[in-house]
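Heavy-atom basis, side chains included; hydrogens, waters and symmetry copies ignored. None of the values given here were measured: they were computed from a predicted structure.
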Amino acid sequence: TKNWLPTLFEQNLHLNMQVAGPISTATIALSSFIGVFVGGAISDRWVRTNVKGRVYTSAMGLGMMAPALAFLGFGSSYWSVIGGGFLFGFGLGFFDTNNMPILCQFFSSRYRSTAYGVMNMSGVIAGGYITKMLGKSTDAGNLGRDFGVMAVVILVVVFIQILILKPETDNMVESMEIIGLIDAPFTPFDKDGNVNLQPIPEYCALLVRSGLKGVFINGSSGEGYMLSEEERMQIAEEWVRVAPQGFKVIVHVGSTSLTSSARLAAHAEKIGAWGIGAMATPFPKIGSIEQLVQYIEPMAAAAPSLPFYYYHIPVFNGAYLSMLDLLKAVDGRIPNFAGIKYTYEALYEYNQCMLYKDGKYDMLHGQDETILSALVMGGAQGGIGGTTNYNALVLNGIIEAWKAGDIAKARELQNYAQAVINVIAKYRGNICAGKRIMKLIGLDLGPNRKPFMNITDAEEAQIKAELEAIDFLNRCNK
């Protein structure tokens, strides 16, 4: 549109191009310059009280441009044409200064360059088309009329913008704090025990439908220590590939070889994982906080842009150490240490960690059987679970009932979650029985790797019968 303003000034004001060109250019440049500062100031103040303030300010700019185009198209006096040009530039400043801030309300920094590039390219394409259209209009002697028609188009765009753009924040970020439940998925194997990536897209979709916020892959539920480094990388790549925007993929990178762990961490960062984590190595046993910090440091340093979570599950590795002391030790020493997945029974210690420096670190509750207790005592905001694979609707229900103040409902759901856990506890726990439950709900993830003892057909029938007795198949993930 701006490209044809000199021509419009020439035609409507009966000026030669040597005069019309500088007047139109100066009018638009000066008014846009003023509009940027005024529109920016209004937007910055408005968004403090209304998250749609930037959208409304941008719409105001477009709203000014509509009558401005009518003045430019049909005006014949200096006041109407130059005034229309000034109003057009002023509104354009309002609009231009808010484009990037509005985009930031919908896209995190991870996708912002791509989004801005698409937006700019779309503008270039649209601008090229309009320039061509107005060129034909000029040849036909209808430039003024068609400027007026564009005023109607802009009013329609204003209506659509206000109707559709509904930001929820002024700056979309991928939160470094986990709110809600993260799943610890099983690793799919084929009948011969080879990693099978084929079920992962369907698996991811099931977890998303069930209200889960991400996955912590290649951990204990995923039989991570029984996978090769190459297999772990393949699994990580597939989960990152299929995960929808906002669905967090945290990669467990712990191993008995720190060299391997560092490679896994660097790989996770390279492929775009959301975060990394590790439990203490099972061999050699870690007996002090300083040993544990020295074990964590190289992994965290290998992926400096990713949050690192320590996975505290001492029953697996014998690292019965104070997690409060760990937080004190890593504070200021490991910059990307984000928090702890706390899979242990000591709710007193869990609460003390939550209170450390006013909740500086993210404490993820790791025991599905005591979610309600963690909510009551520690104010847990996030968690990573194993039975979330098939019982997330119930576990999420506990959190929702607690937030709504319905303690009776939360208690009933927690007791039901424990009833499900009571079944799997009789059949070698979540890694074995839980994986077989996935088959019962329609997603066969194959056997466990040796030396795990796989669930037999007879045991599967018993598990199914016991779950049916508590109406599990009507309450499970679907």
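- Counted within 6.0 Å of NZ on Lys478, heavy atoms from surrounding residues, nucleotides or ligands total more than 12; the atom is thus considered enclosed.
- Side-chain atoms of Asp368 and Thr387 include a donor-acceptor pair closer than 3.5 Å.
- Ring-plane geometry between Tyr56 and Trp46 is classed as tilted, the angle between the planes lying from 30 to 60 degrees on a 0 to 90 degree scale.
- With hydrogens and angles left out, the side-chain atoms of Thr370 and His365 include a donor and acceptor closer than 3.5 Å.
- Shown here is Glu202, whose CD atom has no more than 12 heavy atoms of other residues, nucleotides or ligands within 6.0 Å.
- The aromatic rings of Tyr309 and Trp274 sit parallel, their planes meeting at an angle under 30°, below the 60° perpendicular limit.
- In the model, Glu238 has no side-chain atom that pairs as donor or acceptor with a side-chain atom of Gln234 under 3.5 Å.
- Ring-plane geometry between His252 and Phe216 is classed as perpendicular, the angle between the planes exceeding 60 degrees on a 0 to 90 degree scale with a lower cut at 30.
- Glu297 has a carboxylate O that lies under 4.0 Å from a charged side-chain N of Arg333, or vice versa, which qualifies the two as a salt bridge.
- In this structure, Phe86 and Phe90 have parallel ring planes: the angle between them is below the 30° cut-off, well short of the 60° mark.
- Between Gly222 and Thr187, the closest heavy-atom pair is O-OG1, 2.6 Å.
- Within 6.0 Å of NZ on Lys360 lie more than 12 heavy atoms contributed by other residues, nucleotides or ligands.
- For the residue pair Ser305 / Glu269, a side-chain donor-acceptor distance below 3.5 Å is found, with atom types taken as modelled.
- Paired with Asn477 under the rule side chain to side chain contact (heavy atoms under 4.5 Å, CB included), one option of Asp183, Val394, Thr388, Leu206 passes, and it is Leu206.
- Side chain of Ser210 to backbone of Leu212: no donor-acceptor contact under 3.5 angstrom is found.
- For the residue pair Asn389/Tyr203, the side-chain donor-acceptor check at 3.5 Å is satisfied.
- Panel note: side chain Lys52, backbone Ile162; a donor-acceptor pair is recorded below 3.5 Å.
- Side chain of Tyr361 to backbone of Phe337: no donor-acceptor contact under 3.5 angstrom is found.
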message = Asp44 vs Arg54, test: salt bridge (Lys or Arg N to Asp or Glu O under 4.0 Å). Steps then yes/no.
response = CA-CA 7 Å; Asp44 288 340; Arg54 300 198 190 281; 2.8 Å; yes

